[in-house]
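Working notes, structure below.
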Number of protein chains: 2
Amino acid sequence: MKRKITLKQIARELGVSISTVSKSLKDSDEISTDTKQKVKAFAKLYNYRPNNIALSLKNRRTKNIGVVIPDIVHHFFTTVFRGIEKYANQHGYNVVVCVSDESYEKEVFNMELLANGSIDGFIMSVSAETQQKNDFSHLKEVMEQGFPLVLFDRVIDEIECDKVIMNDEEIAYQATAKMIAEGRKKIALVTTESYFNVSEKRAEGYKRALKEHGVDYDEKLTLVLPFKGVEESYIEDFVENKNFDGVLCVNEIFAVLLMATTQKKGIRVPEDVSVIGFTDGLLSRYSSPTLTTVAQHGEKMGEMAAEMLIEKLENEIGFHEEEDYRTEIIKATLIERGSTINT
Amino acid sequence: MKRKITLKQIARELGVSISTVSKSLKDSDEISTDTKQKVKAFAKLYNYRPNNIALSLKNRRTKNIGVVIPDIVHHFFTTVFRGIEKYANQHGYNVVVCVSDESYEKEVFNMELLANGSIDGFIMSVSAETQQKNDFSHLKEVMEQGFPLVLFDRVIDEIECDKVIMNDEEIAYQATAKMIAEGRKKIALVTTESYFNVSEKRAEGYKRALKEHGVDYDEKLTLVLPFKGVEESYIEDFVENKNFDGVLCVNEIFAVLLMATTQKKGIRVPEDVSVIGFTDGLLSRYSSPTLTTVAQHGEKMGEMAAEMLIEKLENEIGFHEEEDYRTEIIKATLIERGSTINT
DNA sequence: TATCAACACGAAACCGTTTTCGTAGTTTTT
DNA sequence: AAAAACTACGAAAACGGTTTCGTGTTGATA
């Protein structure tokens, strides 16, 4: 087991001071070419690499980004994460991930932990419980301590910081409008409980599309499913008792479940009913029929979030200008597949 | 913006030395009860938390675990990651993730970066390219530097370290045997190119099951699909030209694609052909019919890997005993769903 | 020859902790 | 009353770097 070599050891071996070694490796012109070459050769031979921890302590920056997300076994979040990791890595940052598991307590705990020097800034999407409780003091806290924060997807209006969101309302409008254009008259909405602001936005877009196209909104055509533990009977009842010829689902699971149920009852997709979902994951691509769905471009969101955070981090060096927080909107796109009638 | 308070500041405010503050907070009996109380009260008031970086430098341990995986937008890897993160968090460790993206170069680069002090040990699954190249010097390197290493799933026989694997051969045997028990006589195998040792193991189990049950092995019934970019025609040709009544697929995507193709051709699942896949992800659960599949229990694998790593990390403190490397096998289980005929 | 700048390097502070060791001042022992 | 033992605290080293500033040695300039 060979430990990593340090400046001190190189200095001792070469009979020079630590400063000389450090400067040589940085190619400082305070040091003679001769000495520099000796030091560099020696360092190369022993594969010297500066210790990140020491650098972090000295520079007061870790080159680590903290990512706090509600879930990791989840297509959207993993795509966002991939974008973050990719961009961060390209710019010399590492990523430490904490999963809040939709729990307020874990979220707070993890952020406090990370804020004790492990990271330079946060990228996060708040947990469901946090949204419910409406308590964001931990976010304010880290911001007051000087940590840049970028929120994505599940953002908080009350918190002033950089944000990356989707055009949920608009894309839901487009999806609904598309079904209306197909000639659908009774379009249902399958959504989750409403404390998720994204679900709310999607519902708004859905309603606006109906209204602007002169289609009556019937609240009985909205099915609200619980966040976890969806019973198949909920959907069966809905399909049995309601009469619809188009459905907008706020995620792909609901969409696939719904398609399976209608098909079982002999209702054909897309001939009898059009189905559009959200999240362009495996399910959408491999279901039968393949699912027309809203691609959220999570990777782009992640890259954008990382870019915004890193920009803040690197500029913090300069003088502290007035806070200018941006909200970037990553446009979702509708991917037309087999569950709708496409032109 | 209030910066975090340090020992030095507390010391100055209270007119005592840094050592006294440090000792007081650790409740050392070198310090008078009176002084301790004062210090503690002050520290609490200002919400003092020791700086992780300084601690890391001092203790020469970061309480960070490095996880290097080929992909993150992948059900199996995310479940493993969830297990790692969960166990690590419960034991006071943070997790920094690097995605190798199946690239040898990125894998090497990331590991070198992490090895410069950012983490205490590695948990990883090697990239496809690394397996192909058969070059593991970077793994040996980090081990020589004293970093404990735990490999999971895609492990390397040549490297001596802790490992967590699945009983791939056995479960493939069981899956195949199950189809034979259903009365299937011509069982196909859909697999990936063979440099993945897991695919190989699965193929072995498949062959052994055929052999031990007196079913002839026909190599024409094996379809090898490329790692990326599967053309639908490959599968269509296979379904068209081969005659089989059961299929074992090494992942759920292949299984779902195959089911879609057979169904399109009027071949019913499971009446005419049984299908079994690997990876109990969303696809398996929501396909039509639902897919009988091998659940890999990734979360357990992750927990086990984290447990093994952390045990090594905590015991390293003691004297350096003889290396005792374990290989833990997490047993996969067959989940019977609608794509097979179950008893 | 005295002065001065350039050169090449080292000492030391600093980042924020922990911990060993030393030492005043007080109390106990003999 | 002198020696020994506590008590309560501080100084300083250490972790591994970076960086400012100082300094001895040159060679050139006046």
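What you see is a predicted model; the values in this text were computed from it and never measured.
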*asked:* Between the opening five pairs and the closing five pairs of the helix from C/dT1-D/dA30 to C/dT30-D/dA1, how far apart are the helix axes, to 10°?
replied: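 Comparing the axis at each end, I get an angle of 80°.
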_Point-to-point distance, once rounded to the nearest 0.5 Å, from OH of B/Tyr46 to CD1 of B/Ile10_ =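 Nearest 0.5 Å value for the OH-CD1 distance: 10.0 Å.
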*In terms of side-chain heavy atoms, does A/Glu13 have a donor or acceptor partner in A/Gln9 at a distance below 3.5 Å?*
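A/Glu13 vs A/Gln9: no donor-acceptor pair found between side chains.
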_I'd like to know if B/Lys58 reaches the base of C/dT18 with its side chain, counting only an N/O donor and acceptor under 3.5 Å._
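Flag set: donor-acceptor pair detected.
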*Between B/Phe77 and B/Phe81, is the ring centre distance below 6.0 Å?*
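No; B/Phe81 has its ring centre 6.0 Å or more from that of B/Phe77.
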If we only count heavy atoms from C-beta on, is the [X] to [Y] side-chain gap below 4.5 Å?
X: B/Lys140; Y: B/Ile159; value: yes
X: B/Glu107; Y: B/Val126; value: yes
X: A/Asp162; Y: A/Leu309; value: no

*asked:* On the nucleotide D/dG16, are OP1 or OP2 found under 4.0 Å from the side-chain N or O atoms that B/Arg60 carries?
replied: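 Affirmative; the distance criterion is met.
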_Sub-4.0 Å heavy-atom contacts from residues 19-31 of chain B onto DNA chain C, ordered by number_ =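 When residues 19-31 of chain B is checked for heavy atoms under 4.0 Å from DNA chain C, the hits, listed by number, are B/Ser19, B/Ser22, B/Lys23, B/Lys26, B/Glu30.
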*asked:* With the threshold set at under 4.0 Å for non-hydrogen atoms, list the residues of residues 32-50 of chain A touching DNA chain C in residue-number order.
replied: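 Correct list: A/Ser32, A/Thr35.
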_For the student: nearest non-hydrogen atoms of A/Lys40 and A/Asp27, plus distance_ =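 Nearest heavy atoms, A/Lys40 then A/Asp27: NZ-OD1, 2.8 Å.
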*Does the A/Ser28 side chain pair with the main chain of A/Ser24, one donor and one acceptor, at a distance under 3.5 Å?*
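Checked: no pair found.
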_Atom-pair distance (CG on B/Asn116; C1' on D/dG17), nearest Å_ =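 Nearest whole value for this atom pair: 13 Å.
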_Whole angstrom value for the distance that separates P of D/dC15 from CD of A/Gln9_ =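 Computing the A/Gln9:CD to D/dC15:P distance gives 10 Å.
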